[in-house]
Amino acid sequence: MPPAVSSVDGSATTSPRRTPGASSSRKVLQLLLAFSERRWEASVAELAATIGSPVATTYRYVALLKELQLLEEGRAGHYHLTSQVMPLARAAQLANDMVQLARPSMEEAARELGETVMLFQQFGDSAVCADRVECDRAMRFTFEPGHSLPLGVGESVRQDAARAAARDRTRPAVGVDRRAARPGGA
């Protein structure tokens with residue numbers, strides 16, 4: 001398998017090795033991961049296109065997830081996650097060693113700077129807020145833990161460029177849809 005290209009800096013990384021014989025399981029998990037704060041509901045046809053499966057197969061995956069009470073049908077044939085997934089998110093937070101290690105430093109920084117401090121972790125083309133420590137200001141900029149942002153847009157690009165070697169500063173991020181940062185995606 002050829003190396004994957006990081007969407008942030010263009011450096012080569014190795015893709016995770018695919019587990020043989022787990023194609024259907026992979027598709028069901030991809031279907032669950034297709035939901036986010038940017039896409040909190042979807043039709044079966046939209047989900048089928050996202051995971052690359054036939055619509056009939058995707059209906060079976062949706063039926064299984066409904067049986068497990070992880071999905072439910074909302075308006076006009078659109079599906080969304082149920083609250084049954086919330087304990088999974090909390091378990092992920094509790095098991096996150098990086099949060100446990102960073103929390104004391106985050107608390108100290110929030111106290112000293114008088115600013116909200118957030119910890120983000122990269123997963124693919126997104127950065128996910130793993131934890132935050134609020135400041136005491138009435139006006140503040142913050143994300144809820146679990147909120148994700150596309151990498152390669154906004155301030156993160158400027159920060160990456162500032163840290164990059166001079167020869168790399170003009171090279172654009174690879175595979176980033178810059179329209180995603182604007183309302184309406186246009």
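Each residue takes its place number in the sequence, starting with 1.
- Grouped with W40 in a hydrophobic cluster is no other residue, since no side-chain heavy-atom contact under 4.5 Å to another Ile, Leu, Val, Met, Phe, Trp or Tyr is found.
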For residues 23-33, tabulate all N or O donor-acceptor pairs below 3.5 Å that involve a side-chain atom, not counting sequence neighbours.
{"residue": "R26", "atom": "NH2", "partner": "T19", "partner atom": "O", "Å": "3.1"}
{"residue": "K27", "atom": "NZ", "partner": "I51", "partner atom": "O", "Å": "2.4"}
{"residue": "K27", "atom": "NZ", "partner": "G52", "partner atom": "O", "Å": "3.4"}

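- Residue L81 is not grouped with residue F123 when hydrophobic side chains (ILVMFWY) are merged at heavy-atom distances under 4.5 angstrom, including chains of intermediate members.
- For S126 against R38, the heavy-atom pair with the smallest separation is OG-NH2, 4.1 Å.
- When atom types are taken as modelled, the side chain of E108 and the backbone of A110 share no donor-acceptor pair closer than 3.5 angstrom.
- Crowding of Q69 atom CD: a count of heavy atoms from other residues, nucleotides or ligands under 6.0 Å not exceeding 12.
- Within the structure, no pair that satisfies the ring pair (Phe, Tyr, Trp, His ring centres under 6.0 Å) test touches residues 53-82, not counting sequence neighbours.
- Through direct or indirect side-chain contacts shorter than 4.5 Å among Ile, Leu, Val, Met, Phe, Trp and Tyr, L101 is connected to no other residue.
- Classification of E107 and R111 as a salt-bridged pair fails, no side-chain N sitting under 4.0 Å from a carboxylate O.
- By the 4.0 Å N-to-carboxylate-O rule, R132 lies close enough to E134 to be salt-bridged with it.
- With rounding to the nearest 0.5 angstrom, the CD atom of E72 is 6.0 Å from the OG1 atom of T82.
- Other residues sharing the hydrophobic cluster of L94, ordered by chain and number and joined by side-chain separations under 4.5 Å: none, the residue standing alone.
- Cluster membership for F120 and V128, using ILVMFWY side-chain heavy atoms within less than 4.5 angstrom, is not shared.
- Taking all atoms of both residues into account, the shortest heavy-atom contact from A34 to L47 is CB-CD2, 4.0 Å.
- Hydrophobic cluster membership for M98: V99, M106, V117, L119, V133 (Ile, Leu, Val, Met, Phe, Trp, Tyr linked by side-chain heavy atoms under 4.5 Å, directly or transitively).
- Across R103, Q100, Q121, a single residue satisfies side chain to side chain donor-acceptor pair (under 3.5 Å) together with D131, and that is R103.
- Between the side chain of T50 and the main chain of E46, a donor-acceptor pair closer than 3.5 Å is present.
- Nearest approach of Q93 to A130, heavy atoms of both residues: NE2-O, 4.2 Å.
- You'll find the side chain of F35 stays beyond 4.5 Å of the side chain of V85, heavy atoms only.
- Summarising the geometry of P87 relative to Q84, their closest heavy-atom pair is CD-O, 3.3 Å, with the distance given to 0.1 Å.
- Between V55 and A45, the closest heavy-atom pair is CG2-CA, 4.3 Å.
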